Amino acid sequence: MATMELKNAVENLLSPDATAQKLAEQTLSTLIEREFEPSVIQLSEIVKARDATGILRQSAALAFKNAISSKDATIKAQRQEAWMKVSVPARTYVKQNILEALQTDDALLGRSVAQCVANIALTEVARGEWAEIIPQLTANVGSLESGSVLKQSCLEAIGYICEEASIQAVGQFSNAILTAIVCGMRKEEPSLDIRLAATSALHNSIDFFKGNFEKEDERNYIMTVVCEATQAPDSRLKIMALQCVVKIIQYYYDFMQPYMQKALFPISYQAMSSDTAEVVLQGVEFWSTVCEAEINLSYEEAEARDEDRIPTHKSFKFVLEHLAYVAPSLLQLLTRQPDQDEGDDWVPSKAASVCLMLIAQCVQDEVVPHVVPFVGTNIQNTDWHYRDAACVAFGSILEGPEPSRLKGMVDQAYDIILAMMADPSVAVRDSAAWVVQRICQLVREAVMTPERFKNTVLILRQNLAGAPRVAANVSWALGTLAQASYEVAQQNNHNVIPETYALSPVFAEIVEQLFATAFRPESAQNNLRTAAFGAVGDFISQSPNDCYLAVQKNTVQVLGQLQSILEKEPTLSSHERHQYGDYCQHLLGVLQTALKRLTHSDLAHVAQNSIHVCYQLLELHRLQRSFQAEPEALLCLQVLLECKIFADVISLPCFDHVTWFFQSDGGRFLQVRGRTEPAHSSGIDMLQRAFDCQRSAQPCRRDMS
């Protein structure tokens, strides 16, 4: 192979010229694909070369790592197989080069080389090879002759390996790994970088050390080292050590009682009081994790009682024991909202709200006296931060306590909360809409009185035109209100569609408002589009008989909107294609819901148009112009098939393409989009059911085998 060509490509990866950099990436990719073994050998030689610049060696290390691994699981498996096909002498030579490169005084280069070591190890150790690498890394950490950069790099490599490796692959080395990590974490270690690398490695490997946590003396030593690290003046080390504490309580709750009062509670309480947001987040996360553990234990205890046996694990009631301290801290954190909308950023006020919700589920009625006084004091505070905090606190405790205990409290506060939908602060309006949605879901009796219901609907509709963050929560609230109204109208007979319900007089108007909201220019913000279309689906699926005509019109409307998008498709830019693809996904979700609600005769009337739209979307995938809406299109077809509109579907020529889609990419698409069932087999089963039913009704039109 052209040795200089590869070296030049590695050098040009660092070029400030984007064109040269792109060309280098393409050249390197071609060389590696064409001549994998010679390429990885030469890359390892550049990584090892002490006469080369540190930046060039780092670039070669990055190229080597990318040659044998990938973030994409499929590509990663392919590259790992390519590595294992390299001859044993060549692999041995490459590994020697990489390990020699670890002997550097350049910490940045050491980190890059550590990633190379880790990716080779992850490939080989899982296959029973290179068993000596972890003992070698741990020995380097403990050796007095090792320099600080080598120790740091070895700890980083251990951390990278443990982050992905299975216990089966590296469990036999757990004692050596733990010894190396604890050695690097000790407060006596003078190098902050070594302590940080060791603490990060511990975070990635905590689940490997169950046997060590079961032994009191070893557990005590581990907890001492970790807790000391949480007191480090360096915020990076402090945060990483706190993350270890969170993970320890997650994996080893059963062993934590001796440490809670004297160590874990003070550490977490101190973290929640910090001025550093990242530190605060870890303190809050600690208590959220404790809540989740104790909620699960309460389920386990209830199950054991039902089965008249002793539960396997015991809850120490840490949350209840420390509630008087944790709840006030969380309430104060709720007042620390950023003045500007933080979007999806995870900030202490959001974390505190989630933690408070978990606490309410964990201790149930016990949370009420710790929160209600704060709500009463601040719900009409002149500072919007406190009004918002009081509103969020109120909404956060609605799930957990007995509804009978909440009813009176909600009755007193509901009209105030509803009035906050007109607050000057958009943050307060947003939170008020969220609380209204929670009340409709969890304490709906408080909303269903005629006058209050009418006022709620009026105010929610007025706020659909508000800021996207407000309109999104209003949409969810309207969807929840539709569900609550439907269930009340059913009068506990869940198998009957009611003739009418409280929203019937305004059903069509609200659905039109929701459609208009979903198509707002800024609907991509704050999940507004998803919320609005979701609410449309709730209204349609939970519609009484006197709203059926509106559902028919909505079905035709959705088909028209889909057809309009498909007509525009040839002229769309890449940005527009992404936007309209998102619309297609949501509209097909609504169509699927509508098809399920229609009667069989009405379904037959819209079947052909529905099938045609779905076919066009699948055809775009075949033409490599996909709107990424294939899963939703297939699910709409499934509704038609399950509702026995088989002849109309299977007789159309486009159904051949549906069959092709399932045989090629259908399963992959459904799985990528997060379906819970095994999508490919689900699709094949759907088709098979259709074929079987069709064959039983009439001769087969074509060979389906």
Side-chain angles (χ1 to χ4, degrees), residues 202-210 213 219 223 226-227 230 239-261 263-269 271-272 278-306 311-331 333-334 344 346-368 370-371 392-393 395-402 434 438 441-442 676:
L202 178 66
H203 182 260
N204 290 339
S205 59
I206 279 174
D207 54 326
F208 292 174
F209 306 133
K210 185 174 185 293
F213 270 90
R219 182 173 70 243
M223 294 302 295
V226 173
C227 291
T230 66
I239 291 165
M240 184 56 67
L242 287 167
Q243 289 176 345
C244 289
V245 170
V246 171
K247 208 165 181 182
I248 286 170
I249 200 75
Q250 177 186 356
Y251 280 94
Y252 304 114
Y253 175 95
D254 291 347
F255 303 116
M256 290 299 107
Q257 189 177 31
Y259 311 102
M260 180 58 75
Q261 192 62 38
L264 299 181
F265 167 66
I267 287 169
S268 62
Y269 188 77
M272 288 193 291
E278 291 81 4
V279 174
V280 174
L281 287 171
Q282 294 310 314
V284 176
E285 183 65 19
F286 173 83
W287 284 105
S288 293
T289 304
V290 175
C291 284
E292 289 171 343
E294 295 191 347
I295 290 168
N296 290 333
L297 287 170
S298 69
Y299 293 148
E300 184 180 321
E301 289 173 0
E303 185 178 317
R305 281 196 303 271
D306 292 342
T312 307
H313 303 280
K314 176 185 176 183
S315 173
F316 298 116
K317 311 292 184 186
F318 291 141
V319 177
L320 183 59
E321 183 180 350
H322 298 90
L323 185 59
Y325 302 95
V326 176
S329 292
L330 294 173
L331 293 171
L333 289 174
L334 290 178
D344 293 330
W346 192 240
V347 294
S349 56
K350 286 183 179 179
S353 172
V354 171
C355 188
L356 197 57
M357 284 191 278
L358 289 168
I359 285 177
Q361 295 172 49
C362 184
V363 302
Q364 300 178 344
D365 289 353
E366 299 294 336
V367 75
V368 175
H370 293 278
V371 174
V392 171
S396 297
I397 64 168
L398 292 176
E399 185 176 8
E402 282 294 322
W434 173 72
R438 297 265 294 170
Q441 178 186 6
L442 300 167
T676 55

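Because the structure is predicted, anything quoted here is derived from the model rather than measured.
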Open item on the list: If the condition is side-chain contact (heavy atoms from CB on, under 4.5 Å), which residues does Ala241 pass it with, not counting sequence neighbours?
Closed with: Thr199, Ala229, Thr230
Would you list the atom pairs, donor with acceptor, under 3.5 Å between side chains in residues 244-253 and any protein atom, with sequence neighbours excluded?
unit_1	atom_1	unit_2	atom_2	d
Lys247	NZ	His203	O	2.7
Tyr252	OH	Ile206	O	2.6
Tyr252	OH	Lys210	N	3.1
Tyr253	OH	Glu294	OE2	2.6
Tyr253	OH	Phe316	N	2.9

Approximate separation, where rounding is to 0.5 Å, of [X] [atom1] and [Y] [atom2]:
X: Glu366; Y: Leu320; atom1: CD; atom2: CG; result: 5.5 Å
X: Gln243; Y: Leu202; atom1: CD; atom2: CG; result: 11.5 Å
X: Cys362; Y: Met357; atom1: SG; atom2: CE; result: 14.5 Å
X: Leu333; Y: Lys350; atom1: CG; atom2: NZ; result: 15.0 Å
X: Tyr259; Y: Arg219; atom1: OH; atom2: CZ; result: 4.0 Å
X: Ile239; Y: Glu278; atom1: CD1; atom2: CD; result: 5.0 Å

TODO: With sequence neighbours left out, write down each residue that passes side-chain hydrogen bond (donor to acceptor under 3.5 Å, both in side chains) with Ser353, or none if nothing qualifies.
DONE: Ser396
Task: For Ser268, all residues meeting side-chain hydrogen bond (donor to acceptor under 3.5 Å, both in side chains), sequence neighbours excluded - done: Trp287
TODO: Dump the intermediate steps for side-chain contact (heavy atoms from CB on, under 4.5 Å) on Gln361 and Glu399, then the final yes or no.
DONE: CA-CA 6 Å; Gln361 295 172 49; Glu399 185 176 8; 4.1 Å; yes
Can you give me the closest heavy-atom contact between [X] and [Y], atom names plus distance?
X: Ile359; Y: Leu330; value: CD1-CD1, 3.4 Å
X: Gln364; Y: Pro401; value: O-CG, 3.6 Å
X: Ala360; Y: Ile397; value: CB-CA, 3.7 Å
X: Leu356; Y: Ala393; value: CD2-CA, 4.0 Å
X: Asp365; Y: Glu402; value: OD1-N, 2.8 Å

Open item on the list: Under the criterion side-chain contact (heavy atoms from CB on, under 4.5 Å), I'd like the reasoning laid out for Leu281 against Leu242: C-alpha separation, chi angles, the key distance, then a yes or no.
Closed with: CA-CA 10 Å; Leu281 287 171; Leu242 287 167; over 6 Å; no
Task: Candidate pair Val290 and Leu264, rule side-chain contact (heavy atoms from CB on, under 4.5 Å), full reasoning - done: CA-CA 11 Å; Val290 175; Leu264 299 181; over 6 Å; no
Open item on the list: Can you confirm whether or not the ring centre of Phe209 sits under 6.0 Å from the ring centre of Phe213?
Closed with: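 Aromatic pair excluded; centres sit 6.0 Å or further apart.
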- [ ] Name all pairs fulfilling the side chain to side chain donor-acceptor pair (under 3.5 Å) condition that reach into residues 313-328, sequence neighbours left out, sorted by first residue then second.
- [x] Asp254-His313, Gln261-His322
Open item on the list: List the residues meeting salt bridge (Lys or Arg N to Asp or Glu O under 4.0 Å) with Glu292, not counting sequence neighbours, and say none if there are none.
Closed with: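 Salt bridge (Lys or Arg N to Asp or Glu O under 4.0 Å) check on Glu292 returns nothing, list empty.
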